[in-house]
Each structure stands twice: as C-alpha cells, then as structure tokens.
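Here's the structure we're looking at; comments come further down.
On a predicted model such as this, the values are computed, not experimentally measured, just so you know.
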Amino acid sequence: MQLTGVGVWSSQLRYGDAAEAADAAAELEELGYSAIWIPDVGGPVFDSVDNLLGATKQAVVATGILNLWMHEPTDVAARYAALTGTYGDRFLLGIGVSHAPLIDAGDPGRYRKPLAATRSYLDALDATDTPVPAGSRVLAALGPKMLQLAATRAGGAHPYLVTPEHTATARAALGDGPLLLPEQTAVLTTDPDEARAIGTEWLRSYLQLPNYANNILRSGFTPEDVATVSDRLFDAIIVWGDEEAIVRRVAEHRAAGADHVCVQVLDADLQAFPRTQWRRLAAALA
C-alpha cells in the first residue's frame, strides 16, 4: 500500500456516535484527506473500521493502533480479509504493543518484552490461513529496535507523539522504501494560554506512559520538561496557531522524510467532533 498526503487521526471517529462518525468520514474524504486514523483502547475496533470504510469510497482507513494484547491474530486476519474483500485495499492495519501501565492494570505482569511480543504477534499473523500482507500493516514504532522491525516485517511505521526531528531519525532508521506515517497533534488557536489550556493535561496523560516519556528523553528533552510539561516540550509536540502554522509543521515532517502525516486536532471539548477545525485545515492544505 502507498499512502501520501495528509490524514486525520481521531478518537471521536472511533468512540463517538457511529452515524456522526460515518457522516464525518464522508466529509473528510470530500475535503481531500487521504486517510482516516482511529485508536484502539478496547471494544470492537473492526466494527468502527467497517463503518468508516462503508462511508467512504477512496480514503484509507487505518488503525493507529490496534492493540495486539486485545486481539487474537486469527481473528484479526479473518476480519482483515473480510474487510478488504468488501472494500478493496483501503484498510491499513496499524499494530502496536501499547503500554505496560494499561495492560498490566487488568492482568499484572502480562506486559513484557514488547519487541519479542510484537515479533511473535507478526509470526502468528503470518501463520494464519489468510495472512495480512506485510505491506498492508505498519507498526507503532518509536525506538530504533521497533523501527527496524517495522522496516523488515511490516510496510513501515506509525510513530505517535513525535517531533519532526524524530521523523528524521525514524527515516534514517527505516531507510528508503518503508512508509513513515507520523501523527501530529494540533490546536487551532493563536492564543498560547488557550492552546495550553486545551492541550497540557491531554499531553501530561501521555507522558505518564513510559514508552512516550522515554522517547521524549531520547529526543533531547529533560526529566523536568517531562514532569512539568514545559513550554518547550509542549510547543515541540503540539503545534498551535493558525492554519498556516499547522501546515508548516506538516511540511517539516514531510521534509524530514514522512510519506504521510496524520493530524489530530484537539478542541476544548475532547469528546466533540472538531469538524470546523478539519474544514479550516483542509482549506489551508488545498
């Protein structure tokens, strides 16, 4: 699978009202977004994929990411085959190992050896009756070892909560060929206080997860940056400003080696569909 342009990463399209999600997906495709990305932190993710694929005609629908601890490989392969059989090659299976605090909360000690767990999961997928093609899956990869696995066992990588500098590092690790599809969080406001009011606690919740915090530290930030959600860290991870500011950040990822950038727009109401912001951004990207 090839994927270019700009997509939308949205929890609302996954966990919001299904009818509104379908209507929004159809509009996103009309606005020119090339892909729709949804998370997976529990529940029937493939039903959401089906809903979004059914509402669109050309856009790719991607999981960003499917939590490998929550889905049996045989079930994943069967649902992938059914969805692509119905809608064609528009489903990109993003797979990730998630985070120890989330997985161990329900089953202490289950989360271990994430690289080995991911490799074993890919082995199991490949051993099913209907394997998911390597080129139609990507891995949630931040560090060098997982990026190497993404380059050799998948079609590429979907890094989340990263900077353009990380994108450059990831491209160097992947080499030419594998897809690099980073997520970029954005707040459409020119007021710095409003931007921080919307994004600080959202970002803090992610920084409590070791995988993200460690990647931030590898990227040159300090433990104090992480603990306080410093302005320097906030501005590096979350782009805020007018439409042109967000378009510039997307261009920075592209210049650093990204094939496609998926933008996650935050609004004051994190549960609401930010359709006005999606429209404004699409107009600026056109």
Report yes or no: does [X] contribute a side-chain atom to a donor-acceptor pair with the main-chain N or O of [Y] at less than 3.5 Å?
X	Y	value
Asn215	Asn211	no
Glu183	Leu161	yes
Thr200	Ala197	no
Asp267	Leu270	no
Thr84	Ala81	yes

Inset, instruction - Using the side-chain contact (heavy atoms from CB on, under 4.5 Å) rule, pick out the option among Thr228, Ile238, Leu207, Thr163 that qualifies with Leu233. - result: Leu207
To the nearest 0.5 Å, what is the distance between [atom1] on [X] and [atom2] on [Y]?
X	Y	atom1	atom2	value
Leu53	Thr86	CG	OG1	9.0 Å
Thr63	His71	OG1	NE2	8.5 Å
Asp191	Trp240	CG	CH2	7.5 Å
Asp40	Ser11	CG	OG	12.5 Å
Met1	Arg137	CE	CZ	13.0 Å
Ile237	Tyr212	CD1	OH	10.5 Å

With a 4.0 Å cut-off on N to O distance, would you call [X] and [Y] a salt bridge?
X	Y	value
Asp235	Arg249	no
Asp47	Arg79	yes
Asp231	Arg196	yes
Lys57	Glu29	no
Asp242	Arg280	no

Might you point out which heavy atoms bring [X] and [Y] nearest each other, and give the distance in Å?
X	Y	result
Arg232	Gly220	NH2-O, 3.5 Å
Thr118	Leu68	OG1-CD2, 3.8 Å
Asp126	Val132	OD1-O, 4.2 Å
Ala284	Val247	CB-CG2, 3.8 Å
Gly96	Ala140	CA-CB, 3.9 Å
Gly42	Arg14	O-NH2, 2.9 Å

Taking the side chain as every heavy atom from C-beta outward, state whether [X] and [Y] have any pair of such atoms under 4.5 Å apart.
X	Y	answer
Val239	Val187	no
Val61	Trp37	no
Asn51	Leu13	no
Tyr33	Leu281	yes
Gln12	Gln271	no
His158	Cys262	yes
Phe46	Leu66	yes
Leu179	His260	no

Legend entry - Enclosure of Glu224 CD (heavy-atom neighbours >12, cutoff 6.0 Å): no
Inset, instruction - Please step through side chain to side chain donor-acceptor pair (under 3.5 Å) for the pair Thr222 and Asp225, ending with a clear verdict. - result: CA-CA 5 Å; Thr222 68; Asp225 287 322; 3.1 Å; yes
Legend entry - Trace of the side chain to side chain contact (heavy atoms under 4.5 Å, CB included) decision for Thr74 with Thr128: CA-CA 6 Å; Thr74 52; Thr128 63; 4.1 Å; yes
Legend entry - Derivation and outcome, side chain to side chain contact (heavy atoms under 4.5 Å, CB included), residues Asp23 and Arg275: CA-CA 11 Å; Asp23 185 69; Arg275 297 180 72 161; 2.8 Å; yes
Inset, instruction - Would you kindly say whether Thr169 and Arg218 are connected by a side-chain donor-acceptor distance under 3.5 Å? - result: no
Inset, instruction - Indicate whether the side chain of Thr167 and that of His253 have a donor and an acceptor atom separated by less than 3.5 Å. - result: yes
Inset, instruction - Could you please spell out the steps behind the side chain to side chain contact (heavy atoms under 4.5 Å, CB included) verdict for Glu194 and Ile198? - result: CA-CA 6 Å; Glu194 182 182 10; Ile198 291 171; 4.0 Å; yes
Inset, instruction - Take Arg90 and Thr56 through the side chain to side chain donor-acceptor pair (under 3.5 Å) test and state the conclusion after the steps. - result: CA-CA 10 Å; Arg90 292 199 293 124; Thr56 53; 2.9 Å; yes
Inset, instruction - Mind running side chain to side chain donor-acceptor pair (under 3.5 Å) on Tyr160 and Gln264 for me, showing each step along the way? - result: CA-CA 10 Å; Tyr160 184 92; Gln264 179 176 191; 2.9 Å; yes
Legend entry - Co-members of Leu180 in a cluster of I, L, V, M, F, W and Y side chains, linked at under 4.5 Å: Leu147, Leu174
Legend entry - Pair Tyr80-Ser136, side chain to side chain donor-acceptor pair (under 3.5 Å): steps then yes or no: CA-CA 10 Å; Tyr80 175 87; Ser136 296; 3.2 Å; yes
Inset, instruction - Before giving the answer on side chain to side chain contact (heavy atoms under 4.5 Å, CB included), spell out for Val41 and Tyr15 the whole-Å C-alpha distance, their side-chain angles and the decisive distance to 0.1 Å. - result: CA-CA 10 Å; Val41 289; Tyr15 292 107; 3.2 Å; yes
Legend entry - salt bridge (charged side-chain N to carboxylate O under 4.0 Å, His left out) evaluation trace for Arg171 with Asp176: CA-CA 7 Å; Arg171 174 48 72 196; Asp176 296 333; 5.5 Å; no
